[in-house]
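Working notes for the structure below.
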Amino acid sequence: MRVEPITIKSNIKNYTAYFEENDDFLKKLAELENAVFVIDENVYNLHKDGCLNCINKDRLIILQISEERKNIDTVCELYEKIMQFAPRKNLNLVSIGGGITQDLTGFVASSLYRGVNWIFVPTTLLAQVDSCIGAKTSLNFKHFKNLVGTFYPPTEIHIYPEILKTLTREDFYSGVGEMAKLHLMNGEEDTKTFIKALPLIDKLDGKTLLERTQNCLKIKKSYIEDDEFDTGKRNMLNYGHCFGHAIESSTDFAISHGQAVVVGMILANKEAVKRGILKPENEEFVRTNVLLPSLVVKVPEIDSEKTVTAMGQDKKNLGKGLALVMLADGYEMVKITDLPKEEAIKILEEKW
Ligand SMILES: NC(=O)c1ccc[n+]([C@@H]2O[C@H](COP(=O)([O-])OP(=O)(O)OC[C@H]3O[C@@H](n4cnc5c(N)ncnc54)[C@H](O)[C@@H]3O)[C@@H](O)[C@H]2O)c1
Ligand SMILES: [Zn+2]
């Protein structure tokens, strides 16, 4: 059965995510007028003789990506290359890649001619289940990650699980981490469905991935539609990210984002138990059945002092103490902004 598209309401413009069982949508995109394609170099090399074979090479920009290149210089490189195609404001910018490609091309789409039509094909599980909706574009500036950005959604997103088959296991499981988070946030029933689906997710079963991804986007949609500009409810999506972001940065990104988020959820749940809002048996259930099975990498050595310093520097941290989003009994989400540093250090140093 077909997985139905989802439309996200936005103050900027409504946009739709389509769930694709085959690559017909790419053939249609290849026929678009006034199109320029920007494709992650790795993705292009892996799929140029397969599903990306239909893309016209005369309208193609191959983009080398890395976190170091997610900056304004690469954006300028893209303006330059796009302008060589002598486009007008009716340009259709089609980008194909993961979150880095999304952030760079989303920023370009939002600023070129003050906004051009943008179509995004996410090629990592993380981008499919999470970053493709929400309308954020972010660039790094010097050592400040995601400091600069805009709110600008694509008009169309095409989710095609088949393209994920070339991802490394670590990159794939980065997306599984975010999938676990969203299912937990949506309650017991979704958590149980996720646990049951995990063996098929692990095998990259197309139907299971489409269904679970659609569910993730529905859940994220419910948070972002009510708070598009990230001032309140959307904060809860930061579950796992308070410790997670800090662990990524204190380990010099030795662990992928979504895998750090899994560790972050384990640690947040420990604090929730200490505060009496999560029963120990519920913490254990979630850790054993959801979080540990979603964690496939060896967690690097974590320097707790350095990590807590990074937590204090997080741009989302506006309160006196540290901010922490926690899961409580009944799969309720709770946010505190008064976590003492000493307590965060203790949590980081405990065994789990
Ligand atoms: N804008 C947002 O709302 C938002 C949200 C979350 C994360 N992000 C950003 O996303 C970035 C991380 O993105 P990501 O994890 O999706 O991946 P990525 O874009 O960093 O790509 C990860 C690696 O996988 C490769 N790759 C991509 N698709 C592939 C495929 N199908 N087969 C083989 N290799 C493939 C890439 O070339 C790269 O080497 C970070 O910069 C983060 O800040 C943005
Ligand atoms: Zn995340």
Side-chain angles (χ1 to χ4, degrees), residues 8 38-48 50-52 62-71 74 95-107 109-110 118 120-141 144-154 157 159-182 185 204 209 216-217 220 223-224 228 230 234 236-245 247-249 253 255-265 314-316 325:
I8 294 99
V38 179
I39 307 183
D40 171 332
E41 183 180 37
N42 296 327
V43 176
Y44 188 70
N45 286 337
L46 288 161
H47 296 277
K48 64 176 186 290
C51 65
L52 299 180
I62 293 175
L63 180 66
Q64 283 176 355
I65 59 121
S66 66
E67 210 44 64
E68 290 69 45
R69 274 178 49 80
K70 199 179 89 171
N71 58 31
T74 310
S95 61
I96 305 179
I100 295 184
T101 306
Q102 177 191 342
D103 273 339
L104 283 163
T105 54
F107 190 90
S110 74
W118 173 38
F120 179 50
V121 181
T123 64
T124 61
L125 185 62
L126 182 113
Q128 293 190 348
V129 301
D130 178 28
S131 68
C132 69
I133 67 167
K136 288 186 181 176
T137 82
S138 311
L139 302 177
N140 303 330
F141 176 70
F144 302 100
K145 190 168 154 63
N146 294 340
L147 182 82
V148 177
T150 57
F151 281 100
Y152 194 74
I157 298 156
I159 310 277
Y160 179 46
E162 187 67 26
I163 208 156
L164 303 175
K165 293 203 167 143
T166 48
L167 276 177
T168 63
R169 190 166 161 80
E170 168 148 25
D171 279 327
F172 180 74
Y173 265 83
S174 182
V176 175
E178 297 282 6
M179 224 181 208
K181 179 198 82 172
L182 287 161
M185 289 177 78
L204 274 81
L209 284 174
C216 286
L217 296 186
K220 184 165 174 186
Y223 281 87
I224 58 182
E228 184 165 26
D230 204 356
R234 199 167 169 166
M236 295 303 179
L237 291 169
N238 242 20
Y239 176 42
H241 287 61
C242 312
F243 279 109
H245 272 149
I247 290 171
E248 278 182 274
S249 100
F253 299 89
I255 181 165
S256 71
H257 173 73
Q259 292 287 277
V261 168
V262 176
V263 177
M265 289 189 277
D314 195 304
K315 64 175 180 289
K316 294 229 162 116
V325 177

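Note that ligands are numbered from 1 as they come in the structure, with each ligand's atoms numbered from 1 the same way. Side chains included, hydrogens not; waters and symmetry mates left out as well; all remaining heavy atoms used.
- Annotation: S174 places no N or O atom under 3.5 Å from an N or O atom of ligand 1; distance criterion only.
- The shortest N/O to N/O separation between T137 and ligand 1 does not fall below 3.5 Å.
- In the model, H241 has no side-chain atom that pairs as donor or acceptor with a side-chain atom of E248 under 3.5 Å.
- Separating the CG atom in L237 from the CE atom in M185 is a distance of 4.5 Å, to the nearest 0.5 Å.
- The shortest N or O to N or O distance between T124 and ligand 1 is under 3.5 Å.
- Closest approach of G106 and T137 over heavy atoms only: C-CG2, 3.5 Å.
- Residue contacts with ligand 1 do not include K165, since none of its heavy atoms lies under 4.0 Å from the ligand.
- In this structure, atom 10 (O) of ligand 1 lies nearest to the protein heavy atom G99 CA, 3.2 Å.
- Contacts between T123 and ligand 1, counted as non-hydrogen atom pairs separated by less than 4.0 Å, involve both the backbone and the side chain.
- Rounded to 10°, the angle formed at the Zn ion (ligand 2) by NE2 of H241 and OE2 of E178 is 110°.
- Listed for the R69 side chain is no donor-acceptor partner under 3.5 Å among the backbone atoms of T74.
- Shortest contact from atom 15 (O) of ligand 1 to any protein heavy atom: L126 CD2, 3.5 Å.
- Those atoms of ligand 1 that come under 4.0 Å of a heavy atom in L46, given as number and element, are 32 (N), 33 (C).
- Heavy atoms of I65 found under 4.0 angstrom from ligand 1 belong exclusively to the side chain.
- Among all protein heavy atoms, the one lying closest to atom 32 (N) of ligand 1 is T166 OG1, 2.7 Å.
- With a 4.0 Å cut-off on non-hydrogen atoms, E67 touches ligand 1 through its side chain and not its backbone.
- Compare I224, V129, I100 by their heavy atoms: the one nearest to atom 11 (C) of ligand 1 is in I100.
- Judged by distance alone, the side chain of N146 and the main-chain N or O of L139 form no donor-acceptor pair under 3.5 Å.
- With ligand atoms numbered from 1 in the order given, ligand 1 contributes 43 (O) to contacts under 4.0 Å with heavy atoms of N146.
- Closest to atom 3 (O) of ligand 1, if we only count protein heavy atoms, is K136 CB, 3.8 Å.
- Scanning the protein for heavy atoms near atom 35 (C) of ligand 1, the closest one is L167 CD2, 3.6 Å.
- Residue H47 places no N or O, backbone or side chain, under 3.5 Å from any N or O of ligand 1.
- The closest protein non-hydrogen atom to atom 44 (C) of ligand 1 is D103 OD2, 3.3 Å.
- For atom 36 (C) of ligand 1, the nearest non-hydrogen atom of the protein is D40 OD2, 3.1 Å.
- Residue D130 does not count as close to the Zn ion (ligand 2), with no N, O or S atom under 2.8 Å.
- In terms of N/O distances under 3.5 Å, ligand 1 is approached by K70.
- With distances taken over non-hydrogen atoms, the option nearest atom 24 (O) of ligand 1 out of I96, N140, L104, D171 is D171.
- Atoms of ligand 1 found under 4.0 Å from any heavy atom of K145 (numbered from 1 in listed order, with element): 40 (C), 41 (O), 42 (C), 43 (O).
- Considering backbone and side-chain N/O of N42, one or more are found under 3.5 Å from N/O of ligand 1.
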Original post:
What's the verdict on side-chain contact (heavy atoms from CB on, under 4.5 Å) for S174 and L167, showing C-alpha distance, side-chain angles and the deciding distance?
Top reply: CA-CA 11 Å; S174 182; L167 276 177; over 6 Å; no
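- Side chains of C51 and I163 form a contact here, defined as non-hydrogen atoms less than 4.5 Å apart.
- Which parts of ligand 1 touch G98 is read off a 4.0 Å heavy-atom cut-off, strictly below it: atoms 16 (O), 19 (O).
- At a 3.5 angstrom cut-off on N or O pairs, K220 does not count as close to ligand 1.
- Here's the thing with I163: one of its N/O atoms is less than 3.5 angstrom from an N/O atom of ligand 1.
- For atom 6 (C) of ligand 1, the closest non-hydrogen atom on the protein side is S131 CB, 3.6 Å.
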